[in-house]
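Below you'll find the structure, written out as structure tokens, and then a few comments.
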2 protein chains.
Amino acid sequence: MLIVNKMEYNAKQLQIINVAERLFAGKGFSGTSIRDIAHEADINVSMISYYFGSKEKLIEALFEVRSVESTTRLETIIANDDLTPIQKVFILIDSAIDRLMGNQSFHNIMLREQLSGEDRTQVISDLIFDLKLKNWKGLDTIIKEGQNNGHFREDIDVLLLSATLYGTVNQVITTQSFFRKINNLEHLTQEEFEKDLKLKLSKHLKSIFKATVAYETIE
Amino acid sequence: MLIVNKMEYNAKQLQIINVAERLFAGKGFSGTSIRDIAHEADINVSMISYYFGSKEKLIEALFEVRSVESTTRLETIIANDDLTPIQKVFILIDSAIDRLMGNQSFHNIMLREQLSGEDRTQVISDLIFDLKLKNWKGLDTIIKEGQNNGHFREDIDVLLLSATLYGTVNQVITTQSFFRKINNLEHLTQEEFEKDLKLKLSKHLKSIFKATVAYETIE
DNA sequence: ATAAACTAAACAAACGTTTGATTTATTCAA
DNA sequence: TTGAATAAATCAAACGTTTGTTTAGTTTAT
């Protein structure tokens, strides 16, 4: 299992991390200089080395902070005994949409890291692997529960199904300006647009999942 | 409509483009130096400026070359009158899988560019927009055809459906090492693994699309 | 008085690009 | 076909910036 660095970060460090997150998301890790970050965060360039040691360690710190923030959600969904498997699946979908759309900058960076051929650091690779594993196991547990109850099909490829879930959400997020243009929603504010998008995405994915995992119309 | 630069590239230029494609995919545009490219392509650094003008123009040339290569497929599928709409959808799915898995480096770069906040150049943005538009219109045409024939549902969000198609394929490609580990397929060669992956992905997406667009089990 | 926070300046290395010279190819009249 | 003339291709070296990091000194807090 993964050993998480229990380092705590003070307000200034978190401020730097937040700025770095925004810039890394927009211009990539290599495309962002520590002078960019220092300027935007209104600090001296040397403070980044002073607080984090290096630029590499800074992105590691970013991953550590953001990773722990998104690991606690799944467990609570699965543990809830009052919900049927299909209800849990639906909540999992909405949870994934909220999580990915609510932390677009960080997930943008994570997508970039996954696209990288050589891993930047083992720390980041491990954290990403751990997140993927938890996401997959979360869905897998729910699916198996539904199969044991006899409500879900037996021939479900959970790995591909979670690829459809996270892939669809990622695709929608990265091409949202295209969505906006094609659907003639350019008059909406970003907030209104995101709300509309979340709703459509939720319906779309729930419909797909229902048709894929459940035998017939249930619930 | 988009004006495509009809520039022709000689063998040496194409060699540079191929090396650049591989390195950009692995380390990103900013993360790849022209000295990296020159070294791998076994040429002098100045040849890149000599042939393309700049590093920026090099990636533009890469996009121009690879874009024209993948625009002609869709039209031929749609134009075929011997196929039913659902058959066309299935061929579209397999075509997308083949295209994305067959040009992983270029699509890796394209994904990175889409993640970029500020566009690197208008040329690249236009080419990506044009590709997305064609992909969407291709699916839209087929869906509308199926709706006119009465075989397809009326309430289909084609934009979300194409997001599921391309998003799922992208997700599978970027996380294929995770797939391999979880499915215990590490003994297979890359070629064998990709073949297996393509097959599973094809079945998965066809099953989803069938359930989503068609009224009931047809053909 | 000790430690932490912060700064301007300097550092060497790497960056994309340009220069000027040299080699290789092509052109074309003799 | 030859050979000078022109163009294209290639090269090592240097250009001025920008890069991440360190240093040495100053300010602020404990």
Side-chain angles (χ1 to χ4, degrees), chain A residues 7-64 109 112-113 116-124, chain B residues 7-64 109 112-113 116-124:
Chain A
M7 177 85 181
E8 284 181 15
Y9 300 100
N10 62 39
K12 208 109 206 175
Q13 286 174 301
L14 291 174
Q15 175 196 350
I16 296 171
I17 288 176
N18 284 334
V19 171
E21 179 181 49
R22 180 164 48 84
L23 296 183
F24 287 162
K27 315 199 285 182
F29 180 78
S30 307
T32 304
S33 73
I34 60 161
R35 282 172 179 83
D36 287 337
I37 299 168
H39 181 255
E40 293 272 314
D42 205 39
I43 52 150
N44 190 277
V45 274
S46 61
M47 295 309 292
I48 287 163
S49 298
Y50 177 73
Y51 274 129
F52 299 97
S54 69
K55 194 186 172 189
E56 299 274 350
K57 293 281 183 62
L58 170 56
I59 196 176
E60 285 184 23
L62 165 61
F63 266 85
E64 281 160 8
I109 298 169
R112 283 183 197 264
E113 288 299 316
S116 281
E118 57 253 34
D119 296 323
R120 203 174 306 285
T121 75
Q122 195 60 42
V123 178
I124 293 177
Chain B
M7 177 86 181
E8 283 181 16
Y9 300 100
N10 62 39
K12 206 111 207 174
Q13 285 174 301
L14 291 175
Q15 175 197 350
I16 296 171
I17 288 176
N18 285 334
V19 171
E21 181 180 48
R22 179 163 50 83
L23 295 183
F24 287 161
K27 315 199 284 181
F29 179 78
S30 308
T32 304
S33 73
I34 60 162
R35 282 173 178 82
D36 287 337
I37 300 168
H39 180 255
E40 292 274 314
D42 206 38
I43 52 150
N44 190 276
V45 274
S46 61
M47 296 309 292
I48 287 162
S49 299
Y50 177 73
Y51 274 129
F52 299 97
S54 69
K55 194 185 171 188
E56 298 274 349
K57 294 280 183 61
L58 169 57
I59 196 177
E60 284 184 24
L62 165 61
F63 267 85
E64 282 160 8
I109 297 169
R112 282 183 198 265
E113 289 298 316
S116 281
E118 58 254 33
D119 296 323
R120 203 174 307 285
T121 75
Q122 196 59 42
V123 177
I124 293 177

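Sequence lines set the chain letters: A, B, ... in the order given, protein chains first and strands last, and positions in each chain run from 1. Given the structure is predicted, the values throughout are model-derived calculations rather than measurements.
Distance check, rounded to the nearest 0.5 Å: NE2 of B/His39 to OG of B/Ser33 gives 10.5 Å.
Among the nucleotides D/dG20, C/dT17, C/dT7, the one closest to the side chain of B/Val45 is C/dT17. Nearest to the side-chain atoms of A/Arg35 among the listed nucleotides C/dT17, D/dT19, D/dC11 stands D/dT19. Distances were taken from every side-chain heavy atom of B/Asn44 (C-beta onward) to each of D/dA12, D/dA9, C/dA5; the shortest belongs to D/dA12. Side-chain atoms of B/Asn10 lie closest to D/dA9 of the nucleotides D/dA9, D/dG20, C/dT7.
Residue B/Ser30 is out of contact with every strand shown, counting any heavy-atom pair closer than 4.0 Å. In this structure, A/Ser33 reaches the sugar-phosphate backbone alone: every heavy-atom distance under 4.0 Å involves primed, P, OP1 or OP2 atoms, never a base. Using a 4.0 Å heavy-atom criterion, one finds that A/Ser54 contacts the sugar-phosphate atoms exclusively.
Here B/Tyr51 reaches the OP1 or OP2 of D/dT10: one of its side-chain N or O atoms lies under 4.0 Å away. Residue B/Tyr50 has no polar side-chain atom (N or O) positioned under 4.0 Å from OP1 or OP2 of C/dT17. At least one side-chain nitrogen or oxygen of A/Lys12 sits closer than 4.0 Å to the OP1 or OP2 atom of C/dC6.
When rounded to the nearest whole Å, the span between CD1 of A/Ile43 and C1' of C/dA5 equals 12 Å. Atom pair B/Ile34:CD1 and C/dC15:P shows a separation of 9 Å (rounding to whole Å applied). Between the P atom of C/dT17 and the CZ atom of B/Phe52 lies a distance of 13 Å, rounded to the nearest Å. B/Ile16 has its CD1 atom 14 Å from the P atom of C/dG16, to the nearest Å. A/His39 has its NE2 atom 13 Å from the P atom of D/dT19, to the nearest Å. Between the CE atom of A/Met47 and the C1' atom of D/dT22 there is a distance of 14 Å, rounded to whole Å. When the C1' atom of C/dC6 is taken as reference, atom CD1 of A/Ile48 falls 13 Å away, rounded to whole Å. Across the protein-nucleic acid pair, A/Gln15 atom CD and C/dA5 atom P stand 14 Å apart, rounded to whole Å.
Using a 4.5 Å heavy-atom cutoff, the side chains of B/Tyr9 and B/Ile16 are not in contact.
Minimum interatomic distance between B/Ile37 and B/Ala20 (heavy atoms only, all atoms of both residues): CD1-CB, 4.2 Å. Here the closest heavy-atom approach between residue B/Tyr51 and residue B/Gln13 is recorded as O-NE2, 3.4 Å.
Between the B/Asn18 side chain and the B/Gln15 main chain, no donor and acceptor come within less than 3.5 Å of each other.
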